[in-house]
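One structure is given here, and the rest of the page talks about it.
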Number of protein chains: 2
Amino acid sequence: MRVTKRVTIADIAEKAGLSKGAVSYALNGQPGVSESTRQRVLRMALELGWHPNSAAKALSGARSGAFGLVMARSPETLGIEPFFMKLISGMEAAMAASQTALLLQVVADHDTEIATYRRWWAERRVDGVILIDLRRDDRRVAVLEELRLPAIVVGGPGHHGGLPGVWIDDAGVMVVVIEYLAALRHRRIARVAGVAGMLHTELRTQAFDEVSARLGLESTTVTTDYTPDQGAQVTRRLLSSANPPTAIVYDNDVMAVAGVSVAHEMGVDVPGELSIMAWDDSVLCEIVHPPLTAVDRDITAYGRHVAEHLLALLDGQQVTDFESQPPRLVVRGSTARPVNP
Amino acid sequence: MRVTKRVTIADIAEKAGLSKGAVSYALNGQPGVSESTRQRVLRMALELGWHPNSAAKALSGARSGAFGLVMARSPETLGIEPFFMKLISGMEAAMAASQTALLLQVVADHDTEIATYRRWWAERRVDGVILIDLRRDDRRVAVLEELRLPAIVVGGPGHHGGLPGVWIDDAGVMVVVIEYLAALRHRRIARVAGVAGMLHTELRTQAFDEVSARLGLESTTVTTDYTPDQGAQVTRRLLSSANPPTAIVYDNDVMAVAGVSVAHEMGVDVPGELSIMAWDDSVLCEIVHPPLTAVDRDITAYGRHVAEHLLALLDGQQVTDFESQPPRLVVRGSTARPVNP
DNA sequence: CTGAAAGCGCTTACAG
DNA sequence: CTGAAAGCGCTTACAG
């Protein structure tokens with residue numbers, strides 16, 4: 001089927017001997033046409049290779065048919081984590097069904113991100129947005145509320161104002177992780193965290209502190225920018241201290257791998273002298289030596305839930321906060337009872 | 001500046017005491033209004049927080065203001081390589097200046113990708129597209145030509161029909177890499193390649209074969225799906241052969257890291273018994289032990305060039321194939337003269 | 001240099 | 001159940 005000229009409803013109307021209005025009703029499942037007419041119109045549309053002109057559709061009051069996602073990250077740290085690609089691919093799975101496109105913008109900071117939201121709103125570019133990398137007292141939330149731009153926040157629980165959030169229980173699995181390490185007789189546990197100020201970083205730290213205190217562990221948290229470089233440097237410092245930890249929990253896989261490298265470099269045996277754990281399991285965790293014990297989150301499902309909730313929101317449904325599937329602990333060779341606790 | 005109602009050119013026209021047409025001319029830098037009027041209109045538009053309604057603009061014949069990018073990859077392999085995130089962030093740098101958005105779609109295969117192009121074309125969703133993961137005799141090229149959808153191909157040189165390509169000279173740097181390894185006295189070199197059928201994989205393999213033949217080396221290439229899992233398996237097989245290679249060149253960083261792990265696991269010293277090289281340098285290459293010698297490509301610049309060329313194409317300029325900056329070899333601790341060549 | 005008007009391709013009240 | 005018409009917010013010939 002060679003299509004070289006765009007087909008409009010006028011073409012269909014002419015061919016069907018109907019008015020454009022009738023064709024529109026038929027195509028959109030609106031009342032106003034008989035079932036037989038509707039079927040005839042739908043068949044013709046398919047034959048002619050008709051697709052609605054998205055601009056015309058959007059201009060006449062319907063949706064733009066697009067969601068927006070702004071990533072305020074530096075190009076350096078963007079590629080590091082597979083998280084976003086998985087999230088996006090999960091979202092698209094849900095969006096494909098409703099013919100919704102994803103508009104992606106990479107910016108440097110929150111100011112530009114907010115300017116993007118204002119522009120998208122004024123341009124009527126998107127029907128809704130996905131907010132990621134939530135912080136405490138996040139300015140972006142108020143802007144989206146002010147614009148009444150439908151939005152779903154990836155993260156929480158809490159700190160996203162009146163916007164519905166879809167979240168994963170990181171705090172809960174942190175308790176599981178630390179209790180497991182404590183059961184292995186670890187008494188000094190360090191946490192190499194992600195970016196300070198991000199809500200998910202803080203929620204994990206808080207849970208880490210609480211469970212450590214409850215179990216009477218010596219615990220310390222260091223924040224980083226997620227790069228393996230900082231992961232390596234922090235690990236070197238931790239292992240050089242007078243009383244080095246016997247277990248380190250990293251906030252992503254590449255830092256954990258960096259940690260393993262530093263242990264090798266310093267002659268520290270993993271897991272004999274040092275247990276290592278990574279957040280967000282990945283193929284990388286499976287192939288390093290030893291393979292890493294990790295927290296596994298179903299990020300594709302997470303993305304799917306996010307998109308589904310935004311679609312429901314646009315559908316006028318009542319949307320409340322939603323907890324995506326809880327993470328699980330995958331135990332591999334990088335964690336063990338310490339030789340010298 | 002609280003903006004809660006969208007401003008249109010009618011608002012500006014009324015406030016300025018002009019017709020909508022005059023306002024449009026003023027805003028778009030068209031002749032037909034005096035310079036002083038233009039300035040006044042521009043000032044008002046800024047004050048009122050006006051942005052053109054993208055649907056109206058697109059519908060009245062102008063551009064949609066969006067580029068499309070389809071990624072036909074499985075969710076599993078999507079997150080593995082930082083390549084695409086870097087490419088996208090480079091593209092956006094160039095697109096931001098011209099207020100162009102990026103439409104991203106993740107699909108399973110070329111059929112769905114082609115259907116997406118046809119739909120985008122019919123919907124007038126995008127002004128042009130970026131074609132990635134080029135193959136020999138790529139069906140997608142003919143479809144884009146048929147639709148006359150402006151497109152830039154990421155890859156080549158060659159095999160992209162009449163569409164302009166932006167490429168990086170992988171073959172050239174492959175020669176540099178192998179000559180370097182040969183100069184170190186390596187005689188048996190293996191290559192763990194990416195997906196068979198991708199043009200860049202084949203061009204690298206071809207260059208690898210040619211230079212190996214010229215230098216009289218024993219060379220072998222194995223293709224993979226880019227996952228560290230396959231990287232590890234292939235490495236295990238190579239190192240188990242009767243005459244194992246003394247150097248292995250990997251097509252991405254995660255497979256190279258997997259290779260290092262397998263070497264450790266099998267007690268093979270890197271770089272004493274085995275030299276390891278990765279394509280596409282990354283933070284990961286820097287932090288493993290030993291740090292990896294790697295081919296470094298400026299992917300952000302690559303993305304910027306791609307977007308610039310698509311913008312030029314839409315601008316009606318004559319656009320020809322373009323070679324982005326050549327890669328360079330970054331030598332680190334994973335390559336050395338072999339102990340037993 | 002400026003204004004009035006048609007048109008892009010849809011949707012949606014409003015009559016019949 | 002169907003048709004004629006207005007309108008979404010722009011752009012762009014066409015008169016003046």
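Convention: sequence-line order gives letters A, B, ...; per-chain numbering from 1.
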>> Taking side chain to side chain contact (heavy atoms under 4.5 Å, CB included) as the criterion, tell me which of A:Leu69, A:Val70, A:Leu144 meets it with A:Leu131.
In response: A:Leu144
>> Testing the 3.5 Å rule here: is there a donor-acceptor pair between the side chains of B:His51 and A:Arg119?
In response: no
>> Is it the case that atom CD in A:Glu323 sees more than 12 heavy atoms from other parts of the structure closer than 6.0 Å?
In response: yes
>> Tell me whether the rings of B:His309 and B:Phe322 are parallel (<30°), tilted (30 to 60°) or perpendicular (>60°).
In response: tilted
>> Nearest heavy atom decides the nucleotide; on that basis, is B:Gly17 or A:Ala56 closer to the 5' end of DNA chain C?
In response: B:Gly17
>> For a quick check of understanding: with a heavy-atom distance under 4.0 Å over all strands, which category does B:Ser34 fall into, base, sugar-phosphate or nothing?
In response: sugar-phosphate
>> Can you work out whether B:Lys20 or B:Arg124 has the more 5'-proximal nearest nucleotide on DNA chain C?
In response: B:Lys20
> How many angstroms lie between CG in A:Asp127 and OG1 in A:Thr100, if you round to the nearest 0.5 Å?
Replying inline: 7.0 Å
>> Within a 6.0 Å radius of atom CD on A:Gln318, are there more than 12 heavy atoms belonging to other residues, nucleotides or ligands?
In response: no
>> Going 5' to 3' along DNA chain C, between which two nucleotides do contacts with chain A fall, using a heavy-atom cut-off of 4.0 Å?
In response: C:dG9 to C:dA13
>> A side-chain contact here means heavy atoms from C-beta on lying under 4.5 Å apart; do A:Val33 and A:Gln39 qualify?
In response: no
>> Expected output check: what is the dot-bracket annotation of DNA chain D, where ( ) and [ ] are pairs inside the strand (brackets for crossing ones), | is paired with another strand, and pairs are Watson-Crick or G-U under 3.5 Å?
In response: |||.||||||||.|||
> At their closest point, which heavy atom of A:Arg140 faces which heavy atom of A:Asp133, and how far apart are they?
Replying inline: NH2-O, 3.0 Å
